[in-house]
Amino acid sequence: MKRISTLLLCLFAGALWLNATPEPDEGMWLPNKIAQLNYGQMQKLGCKLTAEEIYSINHSCLKDAIFQLQSAEGSGFCTGEIVSKEGLLFTNHHCGYESITKLSTTEHNYLDNGYWAKSKEEELSCPWLRVSRVVRIDDVTDRVLKGITNETPENERAKKVGEAMKEIIEEAKKGNDYEASVEEMYKGGEYYLFVYEIFGDVRFVGAPPSSIGKFGGDTDNWMWPRHTGDFSVFRVYMSPDGKPSKEYNKDNVPYKPLHHLPISIKGVKEGDFTMIMGYPGSTERFLCSYGMKYKRDWYNPSAVNALGVKLGAMKEDMDVDDNIRLAMADTYASLANGYKLWGGEIATLKSTNAIQLKEEEEAAFQKWANANDSRKKLYGTVLDDLKSAYESYGQATEDMLLISLLLSQGSDMTMNTLQMLPLSRMFEDEKGNADQIKAFCDEFAQGVDEMYKNYYVNTDKKTFERMLNHYIKTIPAERRVSAFSDYIFKNFKGKTEEESISKFINAVYTKSIFTDKNRLNAFLAKPNKKAFDSDPLLAFAKAVYGGIMPLQMAFVGPMNKIETLERVYTQGLREFEKDRVFYPDANSTLRLTYGTVQSYAPRDGVKYKYLTYIDGIIEKENPNDPEFVVPKELKELYNKKQFGRYADETGNLPVCFLSDNDITGGNSGSPIINGKGELIGLAFDGNWEWLCSNLIFSPEMQRTINVDARYVLWVIDELYGAKNLINELDIRK
Ligand code: ARG
């Protein structure tokens, strides 16, 4: 599952446990703790590797083949694994999606037609991408929490923790080229140092067409049974001297990994041991029932409804113009993915016993806390306090979220206007600051081409108008930011609010310097106060920012309170369940989850098999629905039953399979590995019936959806004849 970009978190700063031996399936475990906590049970389930072969800081091991995919700026979104001695990396198609769309044009359309580099010379540089490998993980809790107690005031605590973290990071980076970070676990109960090696030269090697890599589209997304060939292939490069390279260089050579994964085409059976190593992005397994209700009733509906408006507007234009479709494919896919996830989270919080399970645990916790004076003092009111904090948080979230989404998702240009607001102060003395103004505008001009690269003004206009209308429809007048009454409705008079908005929109798209590249360039060449002050988009952005304080205050208060209370509650739970082995919430750091190949029963009378075959692709084919088009070359081989060595014992070709591993967004592209340490597939999704999995695990209902390695290799080998890649791989039967 690709990590859903923290769309909302970027705008403002939001467990289960197991018996003495942890249960299989549940848990995203820290690899450096495996030997101590999990290894015995992994062995029982069928793991044949030694603990040292999985994680070691003394010699090469499994973890050395597991990389995180990151933006050039270093924010992680997916996982990839090294599968050859020459740095070949497998990940999901939806993880390579951004690169594939960026490299595609209507003439060279790799998104629709796929791509296979026939030689290393044909591999395509992806300067927006980098990958990182964990060198080592250290528990630094004692150092970070030194001198901190339950009584330490919040701000002092934050300061001390911050300083200690900084010091540890500096130390770890001294005398080497590594990057390092200290990560909080158990909401501040423990801290771990992660040291990373970063590779900035990553090249695109190959991918099937979307009709395979994204087969089933948004309809099948988050669903089983599944028939998606969700994989793509990249290669990591290093400097000729064997060091990681910060960026593309033609002299760089393929990376020589410490470890690469062999690939098994022996196939899987129900009950077989499986493990997945990767970089899960974020979970909230310690969330209380009040937090779950808050998500169900406030956070998710606000986000889902607003995103639905945006997606609808985008889709209309993408469907009629291929340039727009290519330009917006990546943004659309990730918003649509979040839209379906958050909607599914609401649905499962309503239809399953997830909240009830939390309530039962809270009742037991409360009883325990009340049973003794010192516990009562620490934990006696924490749940009640969480309840009231969440209650005041709901509406404040809706207010804040809607305006944030309006700014970030309404028009592509709103965020750019914010970059220009510093001019406002400089224009107070237009003559005196002339040099400063010119310097600012010259610098701004550097970014202009990038700003308009994928800008389609008509789509932007349609989206912004609908998002503005969604805002006024959802938020009653007395709760809106004052920019509506003080700016839009005052300056663009209409018979109705909708009509005012429409007039405002017309002004923005005929006059604003931002909605036309030539107007912006003309302004930057000759900046002047009059044009600045009369710009409708700038004026709107200024008005929003001028009036947002009360909304922010109403939001940040409970947010901070909840953060502290959750830390206390988490600490209490770990004391309450002394014998249980807890795992920390996902936070984009390297984790391992283990379990088995497993089917499931989604509802009464229905049992899903654990494996799908190529027949299902043919069954789902619909040439009139772009999500279900099947490439003709696939049908040809299907008709000839040309499955090569990739067929299973029935002679048929497997496509996807299920396991009960515990993963989340960010794990996308992670290898699913058998007991011998061989790749048997790539994890790529979760299932509809338990989309509240970020909040609570279910052994019965939660599954990981994997694309079978046999299908991946068949597509590369038999279907597209990329023998150069097949020859590089270490394929085992
Ligand atoms: N649900 C998957 C995840 O979160 C992404 C699947 C991408 N496929 C798609 N049809 N949008 O990682």
Side-chain angles (χ1 to χ4, degrees), residues 14-38 41 137-152 154 157-158 161 182-192 280 282-292 354 357-387 389 561-587 589 591-593 662 664 694-697 699:
L16 288 189
W17 40 83
L18 314 160
N19 287 319
T21 42
E23 293 287 329
D25 45 57
E26 174 166 8
M28 302 174 185
W29 302 96
L30 282 162
N32 58 323
K33 298 264 174 168
I34 293 289
Q36 180 192 336
L37 297 180
N38 316 89
Q41 195 183 45
I137 309 172
D138 294 336
D139 185 344
V140 293
T141 308
D142 291 345
R143 270 184 77 177
V144 174
L145 292 182
K146 196 164 163 219
I148 293 174
T149 66
N150 282 330
E151 281 71 47
T152 311
E154 279 308 305
R157 180 192 164 94
V161 167
V182 172
E183 303 293 343
E184 174 188 295
M185 309 281 169
Y186 307 105
K187 308 218 177 258
E190 294 179 18
Y191 291 84
Y192 288 78
S282 108
T283 54
E284 296 172 82
R285 294 274 168 85
F286 294 92
L287 193 72
C288 62
S289 61
Y290 310 109
M292 285 175 133
L357 287 171
K358 291 269 175 163
E359 285 171 344
E360 284 164 13
E361 150 203 311
E362 285 160 14
F365 173 85
Q366 189 67 55
K367 214 166 136 197
W368 168 85
N370 290 347
N372 125 358
D373 276 349
S374 68
R375 293 206 295 251
K376 201 165 178 177
K377 191 162 152 258
L378 276 174
Y379 307 121
T381 64
V382 68
L383 282 167
D384 282 342
D385 295 344
L386 275 166
K387 178 172 192 277
K561 217 184 273 169
I562 286 167
E563 203 188 316
T564 309
L565 290 167
E566 284 186 336
R567 191 182 68 232
V568 174
Y569 181 53
T570 304
Q571 175 185 318
L573 276 176
R574 295 178 75 194
E575 264 176 54
F576 167 51
E577 297 286 330
K578 270 232 164 12
D579 295 340
R580 283 176 170 170
V581 187
F582 285 79
Y583 57 92
D585 266 320
N587 58 2
T589 57
R591 303 296 177 89
L592 180 139
T593 149
D662 189 5
T664 186
N694 281 339
L695 315 180
I696 184 169
F697 182 86

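- The OG1 atom of Thr141 sits 9.0 Å away from atom CE of Met185, with the distance rounded to the nearest 0.5 Å.
- Identified under the salt bridge (Lys or Arg N to Asp or Glu O under 4.0 Å) test for residues 137-149, with sequence neighbours left out: Lys33-Asp139, Arg136-Asp138, Arg143-Glu167, Arg143-Glu171.
- The salt bridge (charged side-chain N to carboxylate O under 4.0 Å, His left out) test applied to Lys561 returns no partner, not counting sequence neighbours.
- To the nearest 0.5 angstrom, Ile696 atom CD1 is 13.0 Å from Glu284 atom CD.
- Residues passing the salt bridge (charged side-chain N to carboxylate O under 4.0 Å, His left out) test with Glu360: none are found, sequence neighbours excluded.
- Residues Tyr191 and Glu183 have side chains not in contact (no heavy-atom distance under 4.5 Å, counting atoms from C-beta outward).
- Looking at Ile137, Thr589, Asn38 one by one, the single match for side chain to side chain contact (heavy atoms under 4.5 Å, CB included) with Pro31 turns out to be Ile137.
- Arg574 pairs by the salt bridge (charged side-chain N to carboxylate O under 4.0 Å, His left out) definition with Glu190, not counting sequence neighbours.
- Applying the side-chain contact (heavy atoms from CB on, under 4.5 Å) test to Glu575 and every residue at least two apart in sequence or in another chain returns Trp368, Tyr379, Gln571, Lys578.
- Proximity of a side-chain donor or acceptor of Asn587 to a complementary backbone N or O of Glu184 within less than 3.5 Å is detected.
- Side-chain N/O atoms of Thr152 and Asn150 include no donor and acceptor closer than 3.5 Å.
- The line from CG of Leu37 to CH2 of Trp29 is 6.0 Å long, rounded to the nearest 0.5 Å.
- Looking only at side-chain heavy atoms (C-beta outward), Glu362 and Lys358 come within less than 4.5 Å of each other.
- A distance of 8.5 Å separates OH in Tyr290 from CG in Leu386, rounded to the nearest 0.5 Å.
- Using a 4.5 Å heavy-atom cutoff, the side chains of Leu383 and Tyr569 are in contact.
- Checking Glu26 against Tyr583 by side-chain atom types alone, a donor-acceptor pair falls below 3.5 Å.
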Applying side-chain contact (heavy atoms from CB on, under 4.5 Å) to Ile148 and Val161, what does each step give before you reach the verdict? CA-CA 9 Å; Ile148 293 174; Val161 167; 3.6 Å; yes
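- Sequence neighbours left out, not one pair with a member in residues 368-378 passes salt bridge (Lys or Arg N to Asp or Glu O under 4.0 Å).
- Across all non-hydrogen atoms, the minimal contact from Ile562 to Ala389 is CG1-CB, 3.6 Å.
- At least one donor-acceptor pair closer than 3.5 Å links the side chain of Arg591 to the backbone N or O of Pro584.
- Here the CZ-CD distance, from Phe576 to Glu361, works out to 7.5 Å after rounding to the nearest 0.5 Å.
- Donor-acceptor pairing under 3.5 Å is recorded for the side chains of Asp585 and Thr283.
- Under a 4.0 Å N-O distance rule, the pair Arg567/Glu154 qualifies as a salt bridge.
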